[in-house]
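First comes the structure, then the notes that go with it.
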Amino acid sequence: MTTHNRYINDQLIHSTVMWSFSSMTTFLSPIRTLHVQKWGNRFLSYSHRKQAAQASSLKAVKFRSFAMDAKPAPMPKLLYGTAWKKDATADLVFTALKAGFRGIDTAAQPRHYKEHLVGAAVKQAISLGIAKRADLFIQTKFTSINGQDPDDLPYDPNAPLQEQVHTSVASSLRNFTFSDSETPYIDSLVLHSPLDTLEDTAQVWKTLETYVPQRIRQLGISNTPLEVVKYLCTSPDITVRPTCVQNRFYPATRWEVDLRAYCREKGITFQTFWTLSGNPNLLRSRPVQMLAASAEIDLPVALYTLVLGLEGTVVLDGTTSEQHMKDDLRGIGIVSEFTQSQQGQPVWAKCLGEFKALIGEV
């Protein structure tokens, strides 16, 4: 498939995603605007109340960050994204693992993911010796009611919030049980989006903290504004700091320049999605084309590597083509070697500099 056709195919998926999101009035469509507007003064007043109430005990709080206090699970530069794969999920995940992917992103959200099929594919790959569990980075998500299909949820929607979290995590752990003799665990569990209030968001996060690090290695958050990430990084209420943030990387959010800068400052990995389908202009841009021609790689791979070059980033790659899976993984290695060569160093520096200027990161 040519780069053009690959992009067109990706655009069809992107259009489906956009249509689905636009039909969801309370989840993900304008998620950043939704939470900034709905919280507003509530966010500030809640933070001020908690700060005043706990100022005297701040020094006694022991913060836990899996990334800082224990060896984190390896997070590959490319994660295989499993959203929208439907009944093809198991075959595609197995193919991705055969191709060399060692990171998988999914969610306990039957509306858009088939987590149990991801688990089945991983189990098959392990049983055939394609991969070992210890070498895999498995990431899933807790999705609140607003993001779920009301007719297909992993928990009782009428149950208390904490119970919803426990039931969802238990379901995910069952899906990722690969041996009767080994205790199942999840490398990264991401809160799919902030809830309607900061209080509810904090309650879910605190419930997830109880699993770290034994059953869940690290926590993250997705579809989030900067304000929520700052709260999770600074509040004395929070004892497990986020290890990753997963947001769209596209023009409508200015490629999250400010949020990514904050994540770099705090040592938080920023996982990008919609990297290819959300950036048709970047794909055709001068630095991407220059790098692709110089390193002899496809345009999508050049775009991925430049995003990775922004530092502290990981890219979700959801291709359904086995050849593209192999090409993307191989291309990352090719560019890595290219940037270390005498010929490649100045080309890489020029391409990366121009790329940063295009997205407003100077």
Side-chain angles (χ1 to χ4, degrees), residues 35 39 42-75 107-108 137-144 155 159-170 172-173 176 183-247 259 262-271 312 314:
H35 287 291
W39 288 351
R42 280 188 293 173
F43 183 95
L44 295 174
S45 63
Y46 178 78
S47 299
H48 291 162
R49 291 199 310 271
K50 302 303 285 189
Q51 183 178 20
Q54 297 169 342
S56 62
S57 61
L58 180 58
K59 293 182 179 180
V61 176
K62 178 177 175 61
F63 296 132
R64 287 187 295 138
S65 171
F66 185 79
M68 296 176 62
D69 298 340
K71 184 178 180 180
M75 187 186 299
F137 180 87
I138 296 177
Q139 177 171 278
T140 190
K141 306 177 187 74
F142 168 78
T143 308
S144 65
Y155 51 77
L161 193 53
Q162 287 182 315
E163 185 176 329
Q164 292 177 14
V165 175
H166 287 308
T167 303
S168 180
V169 172
S172 294
L173 288 169
F176 298 125
T183 302
Y185 65 93
I186 296 164
D187 294 284
S188 176
L189 198 141
V190 172
L191 177 56
H192 213 158
S193 76
L195 280 73
D196 288 343
T197 67
L198 187 59
E199 290 90 337
D200 284 348
T201 301
Q203 184 180 9
V204 168
W205 192 271
K206 294 294 294 180
T207 305
L208 291 172
E209 287 182 339
T210 63
Y211 293 92
V212 179
Q214 287 79 17
R215 306 303 293 277
I216 297 173
R217 299 298 194 240
Q218 57 197 39
L219 300 179
I221 189 166
S222 182
N223 299 293
T224 181
L226 175 58
E227 291 80 1
V228 177
V229 179
K230 286 183 175 179
Y231 169 78
L232 294 175
C233 288
T234 60
S235 171
D237 285 342
I238 303 302
T239 59
V240 177
R241 302 306 188 191
T243 302
C244 64
V245 168
Q246 184 186 113
N247 272 19
L259 177 53
Y262 185 81
C263 287
R264 284 195 300 271
E265 176 188 333
K266 295 297 182 180
I268 298 170
T269 299
F270 188 93
Q271 300 176 354
V314 162

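In this chain, numbering begins with 1 at the start of the sequence shown. Quantities reported herein were computed from a predicted structural model and do not represent experimental measurements.
Rounding to the nearest 0.5 Å gives a distance of 10.0 Å between OG1 of T243 and CD of Q271.
Applying the ring-ring contact (aromatic ring centres under 6.0 Å, His included) rule to F142 yields the partners Y155; only residues at least two apart in sequence or on another chain are considered. Scanning for salt bridge (Lys or Arg N to Asp or Glu O under 4.0 Å) contacts around R215 gives an empty result, with sequence neighbours left out. With sequence neighbours left out, A170 forms a side chain to side chain contact (heavy atoms under 4.5 Å, CB included) with R174. With sequence neighbours left out, the side chain to side chain donor-acceptor pair (under 3.5 Å) criterion links K230 to no other residue. Not counting sequence neighbours, the partners of S188 by the side chain to side chain donor-acceptor pair (under 3.5 Å) test are Q139. Evaluation of the side chain to side chain donor-acceptor pair (under 3.5 Å) rule for Y262 yields no partner, not counting sequence neighbours.
Put simply, the side chain of D187 never gets that close to the backbone of P74: no donor and acceptor are under 3.5 Å apart. Judged by distance alone, the side chain of T207 and the main-chain N or O of Q203 form a donor-acceptor pair under 3.5 Å. Side chain of K206 to backbone of D237: a donor-acceptor contact under 3.5 angstrom is found. With hydrogens and angles disregarded, a donor-acceptor distance shorter than 3.5 Å links the side chain of E209 to the backbone of T239.
Counting heavy atoms from C-beta on, the side chains of V190 and T140 never come closer than 4.5 Å. In this structure, P225 and P194 have side chains that are in contact, with non-hydrogen atoms separated by less than 4.5 Å. Residues V204 and S144 fail the side-chain proximity criterion, which asks for heavy atoms closer than 4.5 Å. You'll find the side chain of V165 stays beyond 4.5 Å of the side chain of Q162, heavy atoms only. At a threshold of 4.5 Å between non-hydrogen side-chain atoms, the residues L219 and L191 do not count as touching. When side chains are defined from C-beta on, V314 does not count as touching C244, because their heavy atoms never get closer than 4.5 Å. Between R241 and K266, every side-chain heavy-atom pair lies at or beyond the 4.5 Å cut-off. The side-chain heavy atoms of T201 and Y231, taken from C-beta on, include no pair separated by under 4.5 Å.
Exactly one residue among L226, L259, V228 makes a side-chain contact (heavy atoms from CB on, under 4.5 Å) with V245. That residue is L259.
Listed here is the closest heavy atom pair of F137 and M75: CZ-CE, 3.7 Å. L173 and P184 make their closest contact through O-CB, 3.6 Å (heavy atoms, listed as atom of the first residue, atom of the second, distance).
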For Y211 and L189, run side-chain contact (heavy atoms from CB on, under 4.5 Å): C-alpha distance rounded to whole Å, both residues' side-chain angles, the deciding distance at 0.1 Å, then the answer. CA-CA 10 Å; Y211 293 92; L189 198 141; over 6 Å; no
